[in-house]
2 protein chains.
Amino acid sequence: MPAVKSHTADLAARLVDEAGRLLAREGAAALTLRRLATASGTSTMAVYTLYGDKQGLLRAMYAAGFERLGAALRAAADAHDDPLEALIALGHAYRDTALVNPHLYDLMFGAAVPGFVPDEHAKAVADAAYQPLVDAVARCLAAGQFSGTPAERIALYLWSVSHGMVSLELAGHLPAGDPGAAYVEAMVYAGLPFIARAG
Amino acid sequence: MPAVKSHTADLAARLVDEAGRLLAREGAAALTLRRLATASGTSTMAVYTLYGDKQGLLRAMYAAGFERLGAALRAAADAHDDPLEALIALGHAYRDTALVNPHLYDLMFGAAVPGFVPDEHAKAVADAAYQPLVDAVARCLAAGQFSGTPAERIALYLWSVSHGMVSLELAGHLPAGDPGAAYVEAMVYAGLPFIARAG
DNA sequence: AAGCTAACTATAACAACGTTACAGAAGTTC
DNA sequence: GAACTTCTGTAACGTTGTTATAGTTAGCTT
């Protein structure tokens, strides 16, 4: 069999892309190296030469997921001039991104794959994705909306509420027939002003 | 080898117990049927006769985890007369329970094991565990602490904040050196009064 | 009370997984 | 043009969940 040089950076990107599609459509149990290899038109060795092992591929998927999340958040925030509206839009964008690929969301936050642990670089990417939220809160503070609490703390609170709400929705713990979007919005609205007052 | 009847209800309980210990100590990757069987002094078939398959065992662990969580919440709430203090105690108890066995928490909320999906019975147990929180909020409402928002909605909000915060802490997204307990408490304090005002 | 039937348990085999060793082909260098 | 290095696909290994098989025990029937 020929051995034409095919394990390039292009294939590396296509592997992560195809793995994400596989994960989205059939879940973590279907994400096997053999299936990924045949779907990508290569052999299982490609994962080993390009990512070391399956964990390396998962780390790349983890980082890609957070980069996509960060981009979505940034786009949502930039679409609104009013800082409070931007904050609400961030909540919606966060939920939408999670719901588009729940299994990827599980990989990013839960332990979707047994032995998986993100390395420091991956975690740094994750925390960078969360930055647009801090910026939006800072804009609110600059506009005099709230005061007395540092932006990082308010942003962390908002992240907790959004993540908690989305997680419960994905796990099926939200009351039936009650759209999660309304919850997220209500909670963001509800918690924000007081946080500022609480200090 | 003798086939003395040993797959009794007692063994069923011991299997879940041992599986929980294995999950807590070494994570989901170490929870294999062979290891569980030898650790429990039986064969892998015990799981199949008693629980159908591995999924059945996981469902039992899921239900047991939520029952334990519900008991811990109830105990925490009952330990305080003041309804607001009971609410704070609930937040701490929730976090403590999650941190004692993070992998079990992942199984309960994330997708710690690839193909796992809880059945309706298991989900009912989960929602029952959440009832002490609703009760505590209702006591606060009865005491005139808040008004204008149904207890279920406030409780759901508190659950979201607590779960979100604990999840972020477990995933390593909380600022270093900042104990999660303080966060949970601050957030519960911060969000509660306003929720009532927001309606 | 003895024998038959049905249920239950352990061993062994099977397909599939992640991973590693092996071997052969393409590209590089003198 | 030949030797060498690098890289890719195939095959094998150990382990997983699961299933088939075979042997043993308990309980009912007569």
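Just so we're on the same page: letters track the sequence lines, and every chain starts at 1. Worth saying up front: this structure is predicted, and the values here are computed from it rather than measured. All values below come from the heavy atoms of this structure, side chains included, with hydrogens, waters and symmetry mates left out.
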Rounded distance in Å - [atom1] ([X]) to [atom2] ([N]):
X	N	atom1	atom2	value
Tyr48(A)	dC7(D)	OH	P	18 Å
Tyr51(A)	dG18(C)	OH	C1'	18 Å
Leu11(A)	dG9(D)	CG	C1'	13 Å
Leu50(B)	dA10(C)	CG	P	11 Å
Phe116(A)	dG18(C)	CZ	P	15 Å
Leu33(B)	dA13(C)	CG	P	20 Å
Leu36(B)	dA10(C)	CG	P	13 Å

Could you give the side-chain donor-acceptor pairs of residues 122-133 of chain A under 3.5 Å, partners two or more places apart or in another chain?
{"unit_1": "Asp127(A)", "atom_1": "OD1", "unit_2": "His173(B)", "atom_2": "ND1", "d": "3.2"}
{"unit_1": "Tyr130(A)", "atom_1": "OH", "unit_2": "Leu156(A)", "atom_2": "N", "d": "3.4"}
{"unit_1": "Gln131(A)", "atom_1": "NE2", "unit_2": "Asp135(A)", "atom_2": "OD1", "d": "3.4"}

* To do: List for me each residue that meets ring-ring contact (aromatic ring centres under 6.0 Å, His included) alongside Phe116(B), sequence neighbours excluded, and say none if there are none.
  =>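 So Phe116(B) forms a ring-ring contact (aromatic ring centres under 6.0 Å, His included) with Tyr62(B).
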
* Asked: Counting heavy atoms not belonging to Arg68(B), are there more than 12 under 6.0 Å from its CZ?
  -> no

* Indicate whether OP1 or OP2 belonging to dT9(C) is found under 4.0 Å from a side-chain N or O atom of Thr49(B). => yes

* OP1 or OP2 of dT9(C) under 4.0 Å from side-chain N/O of Thr42(B) ->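 Checking Thr42(B) against dT9(C): no side-chain N or O falls below 4.0 Å of OP1 or OP2.
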
* To do: Find out whether Leu69(B) and Tyr105(B) are in side-chain contact, i.e. whether some heavy atom of one side chain is under 4.5 Å from a heavy atom of the other.
  =>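 Not in contact.
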
* For residues Leu36(B) and Thr44(B), determine if any side-chain heavy atom of one lies less than 4.5 Å from a side-chain heavy atom of the other. =>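 No, side chains not in contact.
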
* Would Leu31(B) and Leu58(B) satisfy side chain to side chain contact (heavy atoms under 4.5 Å, CB included), going step by step from the backbone distance to the final call? -> CA-CA 10 Å; Leu31(B) 182 53; Leu58(B) 294 175; 4.1 Å; yes

* Asked: Listed in order of residue number, which residues of residues 52-64 of chain B have a non-hydrogen atom at under 4.0 Å from DNA chain C?
  ->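 Here the set is empty: none.
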
* To do: Report the nucleotide, chosen from dT16(D), dA20(D), dA12(D), that has the shortest atom-to-atom distance to any side-chain atom of Met45(B).
  =>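 Comparing dT16(D), dA20(D), dA12(D) against the side chain of Met45(B), the answer is dA20(D).
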
* To do: Could you please name the option among dT11(C), dT19(C), dA13(C) that lies closest to any side-chain atom of Arg34(B)?
  =>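 Of the candidates, dA13(C) comes closest.
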
* To do: Take Leu104(A) and Leu107(A) through the test side chain to side chain contact (heavy atoms under 4.5 Å, CB included) and record every step on the way to the result.
  => CA-CA 5 Å; Leu104(A) 180 58; Leu107(A) 176 66; 4.1 Å; yes

